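What follows is one structure encoded as structure tokens, with my remarks underneath.
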Amino acid sequence: MPVAGLVPAPRREPAQADLLVRNAKVFTGDPGRPEARAVAIRDGRVAALGDDHDLAHLVGPGTKVVDALGRRVIPGLNDSHLHVIRGGLNYVLELRWDGVRSLRHALAMLREQAGRTPKGQWIRVVGGWTAEQFAERRMPTVAELNAAAPDTPVFVLHLYQSALMNRAAVKAAGFTRETPDPRGGQIVRGRDGEPNGVLLAAPSALVLYSTLAKAPALDEADKRTSTRHFLRELNRFGLTSAVDAAGGFQNFPDNYATVSDLARSGELSLRIAYHLFPQTAGQELADLKRWTEMVKPGDGDEWLRLNGAGENLTWAAADFENFSEPRPELAGYEPEFEQAVRLLLENGWGFRLHATYDETIRRDLAVFEKLAAEGLFPGGNRWLFDHAETVSADSLDRIAALGGAVSVQNRMSFQGAAFLDRYGAEAAAHAPPVRAMLDRGLTVAAGTDATRVSSYNPWVALHWLVTGRTVGGTQLHPAGNPIDRETALGLYTRGGAQLTGEQDVKGTLREGSYGDLAILSDDYLTVPEEVIPGIESVLTVVGGRIVYATAEYEGLDEAVPSVSPEWSPVAHFGGYQSGQGGAHQASLVAEAAAESEQHRRWRVARGSVPETTPSFVDPCFDH
């Protein structure tokens, strides 16, 4: 062979990693390579997986090496239905009762916060809790709110069912004897006709949310800080992505400005795929048409991108899911709904739909099948149903035939007892029927629907998926219905990625995928079931950036500005309340439980309640 003039090329050493996580039990989520001991990340992507010695050659002077100390590492979690944009704009204003184990402690937090909240501001407890989680197994009373904060307005939202307001909040909201009940809601009144501080969703929650909207909002600078702290709080639990489901009081583009600004400056610590939700009844088609001319799905980048429309397309098609009230009977919404779906399909838009009940899902599917007969549906566009607690087997078959997907949330963790009381054990055993969805090969993703009902803690949701139990321990799903831990984790990683068309780069740890992972405080795959809700991340990585770090890794994460305003409940209590002071909190819980039992016995002796196991809600609130 003629070789004159050829010389061997110099040996090229592989480029060093930016970050190497070693000495780990890595669950990759990739069937081709389900386990590893180390992960190397370069330029925001996974560069290699293997044993520690396999990846040692990727360590250079600029490599940050993290010893996982034998802990479990998982792909970053992806909440497929989270109101992250709206939640971020309000996070630092909210007193979170997520994870609080006794009403006594919750009221103590409220009383303390009243002492620092300035005049003109409200105390808001907005979602993430249920009476079932408290040792007392009851809600607070309006009298207790008045005693804890006599002069500061207090608004306490309980699920999609009700809200409690103290006297100061009733006054600040402008409710009087003459204030009419809004459509689908009730302002409860005393014998004198004056509002008594209780609002009921009957069944629409709009009365609750419109009242909350009367409270003061943050200025633009504090909205930015609030969003950064909320994203950091989500990172605390191993979340690296979320699909924002839009929602009421979230206008486009105004209320998207904060996350857009953070994306431009490279300060997002969570990847967000967002949806657009028409806000005004009667104006939905005009809004959708305007948006299809402004933007298109996929616009953005790997940190912030448009995914489609929903979770409502038209207000008339929304079936409010207050399980303490009967299922709402919807008027004939199909003509306008069909126009909205047709408009989206013709413009290449996917969508998601809020649909709790099978009755609504069947009506929606009839519209889709009509459009499919014209060759429009699904037209290559991704679409899905959200929630689907009572979806039937027949409807699941129809969803599969039309190429749809389902996003399920752990609303039953918080509302399961109310559902059980209304619809019975047989219905609750399959609400929603996740196993049946998977058996049909449907794409299924998991999330929380936080922050106004469920908590944003994904481990509470994963606990519900694998046990079928509520936060109060009520068993809803019998043996065989819950799914195994690896499958549940897949719904929280790969499932969400499939809904946004990012399954090739997100949801698994393999070469070329995003460098998104979490090192866990406890091994999710092996710990006892009761430990799962208490799991947190000790180190969270998004795109190779360490965005959250605690325990041995404290100080390795990126800095965030101090919480502002200084009187913020988050500045003093933080967000999700894990542990809450160890032995002291355990003592408070024991005292609260004993006090609750004494009160129950007193009521039994008076004939106020039967000699049975108490309900999780005080009967005076059982509407």
Side-chain angles (χ1 to χ4, degrees), residues 29 31 78-81 243 311 319 321 323 327 352-366 368-369 372 377-378 382-416 418-420 422-449 454 458 460-470 474-499 503 507 529:
N78 185 349
D79 190 318
S80 69
H81 186 121
V243 188
E311 62 182 291
D319 57 355
E321 64 288 7
F323 296 137
R327 177 182 61 83
R352 65 191 310 158
L353 283 173
H354 171 110
T356 300
Y357 302 100
D358 189 57
E359 289 81 357
T360 308
I361 291 170
R362 290 201 307 265
R363 291 172 65 174
D364 292 350
L365 287 170
F368 301 162
E369 288 161 347
F377 203 93
R382 292 185 301 273
W383 71 275
L384 65 134
F385 280 116
D386 279 305
H387 314 312
E389 275 87 357
T390 70
V391 64
S392 65
D394 176 66
S395 292
L396 289 177
D397 290 337
R398 294 166 70 187
I399 294 169
L402 289 168
V406 184
S407 175
V408 298
Q409 298 77 42
N410 66 314
R411 304 190 308 180
M412 295 294 282
S413 291
F414 295 84
Q415 300 187 94
F419 187 97
L420 184 65
R422 179 164 296 278
Y423 297 108
E426 184 176 353
H430 304 278
V434 178
R435 171 53 58 195
M437 297 173 188
L438 294 170
D439 288 345
R440 285 165 171 77
L442 284 167
T443 292
V444 184
T448 58
D449 200 10
S454 302
V460 175
L462 283 159
H463 175 263
W464 166 75
L465 281 168
V466 301
T467 67
R469 289 198 295 272
T470 70
T474 301
Q475 187 70 52
L476 300 176
H477 298 169
N481 276 14
I483 57 180
D484 65 81
R485 298 189 194 195
E486 289 191 12
T487 300
L489 188 59
L491 304 190
Y492 240 103
T493 50
R494 296 188 304 275
Q498 288 174 305
L499 296 189
Q503 61 270 22
E529 290 177 344

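All values reported here derive from a predicted model rather than from experimental measurement.
Residue Thr390 holds its OG1 atom at 6.5 Å from CD1 of Ile361, rounded to the nearest 0.5 Å. Rounded to the nearest 0.5 angstrom, Leu365 CG and Leu353 CG are separated by 9.5 Å. To the nearest 0.5 Å, the span separating CZ on Phe323 from OH on Tyr357 amounts to 5.0 Å. In this structure, CG in Asp319 is found 8.0 Å from CG in Asp364, a value given to the nearest 0.5 Å. To the nearest 0.5 Å, atoms NE2 (His430) and CD (Glu389) are separated by 14.5 Å. Here the CZ-CD1 distance, from Phe368 to Ile399, works out to 9.0 Å after rounding to the nearest 0.5 Å.
For the pair Leu420/Thr470, no side-chain contact is recorded, criterion being any heavy-atom separation below 4.5 Å from C-beta on. Side-chain contact between Asn78 and Leu499: absent, with no pair of heavy atoms (C-beta onward) separated by less than 4.5 Å. Looking at heavy atoms from C-beta onward, His81 lies in side-chain contact with Glu311 at the 4.5 angstrom threshold. Contact annotation: the side chain of Arg362 approaches that of Asp358 to within less than 4.5 Å [non-hydrogen atoms, C-beta and beyond].
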Check the pair Val243 / Arg352 against side-chain contact (heavy atoms from CB on, under 4.5 Å), numbers first and verdict last.
CA-CA 11 Å; Val243 188; Arg352 65 191 310 158; 3.2 Å; yes
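Ring planes of Tyr423 and Phe419: tilted class, angle from 30 to 60°.
With hydrogens and angles left out, the side-chain atoms of His387 and Gln409 include a donor and acceptor closer than 3.5 Å. Judged by distance alone, the side chains of Arg411 and Thr356 do bring a donor and an acceptor atom under 3.5 Å apart.
When the side-chain contact (heavy atoms from CB on, under 4.5 Å) test is applied to Ala436, the partners found at least two apart in sequence or on another chain are Leu396, Pro433, Arg440.
Across every non-hydrogen atom of Glu529 and Val466, the tightest pair is OE2-O, 4.2 Å. Pairing each heavy atom of Gly404 with each of Leu442, the nearest pair is O-CD2, 3.4 Å. Among all heavy-atom pairs drawn from Glu321 and Gln415, the shortest one is O-OE1, 3.5 Å. Minimum heavy-atom separation, Ala388 to Pro432: O-CB, 3.4 Å. What you find for Thr360 and Ala355 is that their closest heavy atoms are CG2-CB, 4.5 Å. Minimum heavy-atom separation, Leu384 to Ser407: CD1-CB, 3.5 Å.
Here side chain to side chain donor-acceptor pair (under 3.5 Å) pairs that include residues 486-495, with residues two or more places apart or in two chains, are Asp484-Thr487.
For Gln475 (side chain) and His477 (main-chain N/O), a donor-acceptor pair under 3.5 Å exists by modelled atom type. Although no hydrogens or angles enter the test, the distance criterion places no donor-acceptor pair under 3.5 Å between the side chain of Thr448 and the main chain of Ser454. Remark: side-chain polar atoms of Trp383 are paired, donor with acceptor, to backbone N or O of Leu402 under 3.5 angstrom.
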